[in-house]
Amino acid sequence: MIEDFFLVLSGEHISLPVHECLSILESENIEFSNARKFDQILIFSGPPESLTSISKRAAMVHSCCKFIFKCKNKLKSIYDHVKNIDFKEILADKNRNTFAVRVKRVKEYCEHIKSVDLERKIGKIIKNQLNNKIKVNLEKPDILFYGVLTEDSFIFGEKLLEVNRTNFRKRRADLRPFFWPGTIDPIISRVMVNLSQVSPQTLFLDPFCGTGGFLIEACLIGAAVIGSDIDSKMVEGSKENLEFYFGDTRKIYDFYLGDARKIPLSRIDAISTDPPYGHSSSTRKQNMDKVIKEFLECSASLLRNDGYLCIALPEKFKIIDLAQNIGFNLVKVHEMRVHKSMTRYISVFKK
Ligand SMILES: C[S@@+](CC[C@H](N)C(=O)[O-])C[C@H]1O[C@@H](n2cnc3c(N)ncnc32)[C@H](O)[C@@H]1O
């Protein structure tokens, strides 16, 4: 059964959350259509399992809702739309007797509307329509109606799932047994792994694996993973981190000590990676332009056709030209400001 849903996305990046959600659906072969983007909102049509996958895997989603309507952010328009909904039908399903209405404002949109007023007024319309046969329960309602004010629109629906992001914080790099400074945090690692279209059936590779942050996230999705690094200390440390989360199983993870330009493998489904750059000691005084170019050539032979590569680098590496010259197709680039003098580009390519 195809239904309309909307996702409330995190505001920590403008384009990554939408791309992450669409990549999850594609990687799990879940058909979806009619995707429409608003600031921190993605509306789409798909089967109910799309929400199960997104809520389990996404790092940049706050909640998943069933879509009921979208209208202009004018009070009259909002109330007219609410009055036209058949709440009796919605509540009859699963025998629900209590409700609450919550309204969230994205950033500073629609400041002329007070969300508390909107919550109260919508609640009143619902109670009136049902002749007061339904009660408000703000703590534990049977059904939570959720409205979002974003851009010039009001989007209304039923909240179905809340995404718990605390586990990402618990996996912070400095809380793992082996820590090395400069490691990308688990939220961005997970997003990058999702962008490379990992699924529980895939074989994932991080050829500059460092402390294993990407490998941990891919393993949690259910993929089998291979990590490699030129530095034995990193290979050992990464192994220690994976053992910490997944025990001593050789089935789901494996490691190589070696150069990312000469990996003796084939038929990898997905690569996501964060090579060293700048003055970091992990560049080991190599000519990193040359390393990146040769790594791309190697990954083009490792990756299966239609496989995805996601890579984070600063602009100076001209990764798009390099990858396209080798035959990769650019899917999307996301710009991420790390600090004042450093912007990282997360690029996604398809072979
Ligand atoms: C920025 S770190 C990767 C961090 C990683 N994402 C993590 O979660 O810890 C880059 C890694 O690339 C490794 N490296 C440097 N040159 C390499 C090469 N030519 N081949 C493979 N690994 C290399 C370094 O030893 C370092 O561990």
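Read the numbers this way: they start at 1 and go in the same order the structure lists the ligands and their atoms. One is the number of the first residue; the rest follow in order along the sequence.
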(message) Given 3.5 Å as the limit, does a donor-acceptor pair link the side chain of R190 with the main chain of N194, or not?
(response) no

(message) I need the contact type for A173 against ligand 1. Using non-hydrogen atoms and a strict under-4.0 Å cut-off, is it side chain, backbone, both or neither?
(response) neither

(message) Pairing donors with acceptors under 3.5 angstrom, does anything connect the side chains of D39 and Y109?
(response) yes

(request) Check each atom of ligand 1 against the heavy atoms of P207 and keep those under 4.0 Å away; list them by number with element. (result) 21 (C), 22 (N)

(message) Check the orientation of Y253 and F246. Use parallel for under 30°, tilted for 30 to 60°, and perpendicular for over 60°.
(response) tilted

(request) Would you mind checking which non-hydrogen protein atom is closest to atom 8 (O) of ligand 1, with the distance to 0.1 Å? (result) G213 N, 3.0 Å

(message) Do S199 and E28 pair up side chain to side chain, a donor and an acceptor below 3.5 Å, judged on atom types alone?
(response) no

(request) For atom 5 (C) of ligand 1, find the nearest protein heavy atom and state the residue, atom name and distance (0.1 Å precision). (result) C209 O, 3.5 Å

(message) Could you check whether R172 pairs with D185 (Lys NZ or Arg NE/NH1/NH2 to Asp/Glu carboxylate O, under 4.0 Å)?
(response) no

(request) May I ask you to check whether D259 has an N/O atom sitting below 3.5 Å from an N/O atom of ligand 1? (result) yes

(request) Would you check whether F208 has a nitrogen or oxygen atom less than 3.5 angstrom from a nitrogen or oxygen atom of ligand 1? (result) no

(message) Checking the N or O distance criterion of under 3.5 Å, is ligand 1 in contact with A260?
(response) yes

(request) Please confirm whether G258 comes under 4.0 Å of ligand 1, counting heavy atoms of the residue only. (result) yes

(request) Report yes or no: is the cationic atom of K159 (NZ for Lys, CZ for Arg) under 6.0 Å from the centre of the six-membered ring of Y146, at an angle within 45° of the ring normal? (result) yes

(request) Check ligand 1 against I230 and write out every atom of the ligand that is under 4.0 Å from a heavy-atom position of the residue. (result) 14 (N), 15 (C), 16 (N), 17 (C), 18 (C), 19 (N), 20 (N), 21 (C), 22 (N), 23 (C)

(message) With nothing but distance in play, are any N or O atoms of S228 less than 3.5 Å from an N or O of ligand 1?
(response) no

(message) Salt bridge check, K239 against E243: does any charged N sit closer than 4.0 Å to a carboxylate O?
(response) no

(request) Run the numbers for me: atoms of ligand 1, each under 4.0 Å from some heavy atom of T183, listed by number. (result) 7 (C), 8 (O), 9 (O)

(message) I need the atoms of ligand 1 closer than 4.0 Å to a non-hydrogen atom of D231, numbered in the order shown.
(response) 25 (O)

(request) Below 4.0 angstrom from a heavy atom of S282, which ligand 1 atoms are there? Numbered from 1 as shown, please. (result) 15 (C), 16 (N), 24 (C), 26 (C)

(request) Would you mind running through ligand 1 and noting each atom that sits below 4.0 Å from a heavy atom of F214? (result) 6 (N)

(message) Tell me the protein heavy atom at minimum distance from atom 19 (N) of ligand 1, and give that distance in Å.
(response) Q286 OE1, 3.0 Å

(request) Please work out which of T283, D229, V235 has its closest non-hydrogen atom nearest to atom 13 (C) of ligand 1. (result) D229

(message) One pair to check against salt bridge (charged side-chain N to carboxylate O under 4.0 Å, His left out): R344 and E315. What are the steps and the verdict?
(response) CA-CA 7 Å; R344 185 189 281 145; E315 192 181 20; over 6 Å; no

(request) Just say parallel, tilted or perpendicular for the rings of F145 and F156, cut-offs at 30° and 60°. (result) parallel

(message) Just verifying a value: how many Å separate E158 CD and I90 CD1, rounded to the nearest 0.5 Å?
(response) 7.5 Å

(request) Report, in ascending order of atom number, the atoms of ligand 1 lying under 4.0 Å from any heavy atom of T211. (result) 7 (C), 8 (O), 9 (O)

(message) Is the ring pair F295/F208 parallel, tilted or perpendicular, if the boundaries are 30 and 60 degrees?
(response) perpendicular

(message) D274 versus ligand 1: do any nitrogen or oxygen atoms come within less than 3.5 Å of each other?
(response) yes

(request) With heavy atoms of G210 as the reference, note each atom of ligand 1 found under 4.0 Å away. (result) 9 (O), 27 (O)

(request) Could you establish whether S189 and ligand 1 come within less than 4.0 Å of each other, counting only heavy atoms on the residue side? (result) no

(message) Can you see whether H334 engages H19 through a side-chain donor-acceptor pair at a distance of less than 3.5 angstrom?
(response) yes

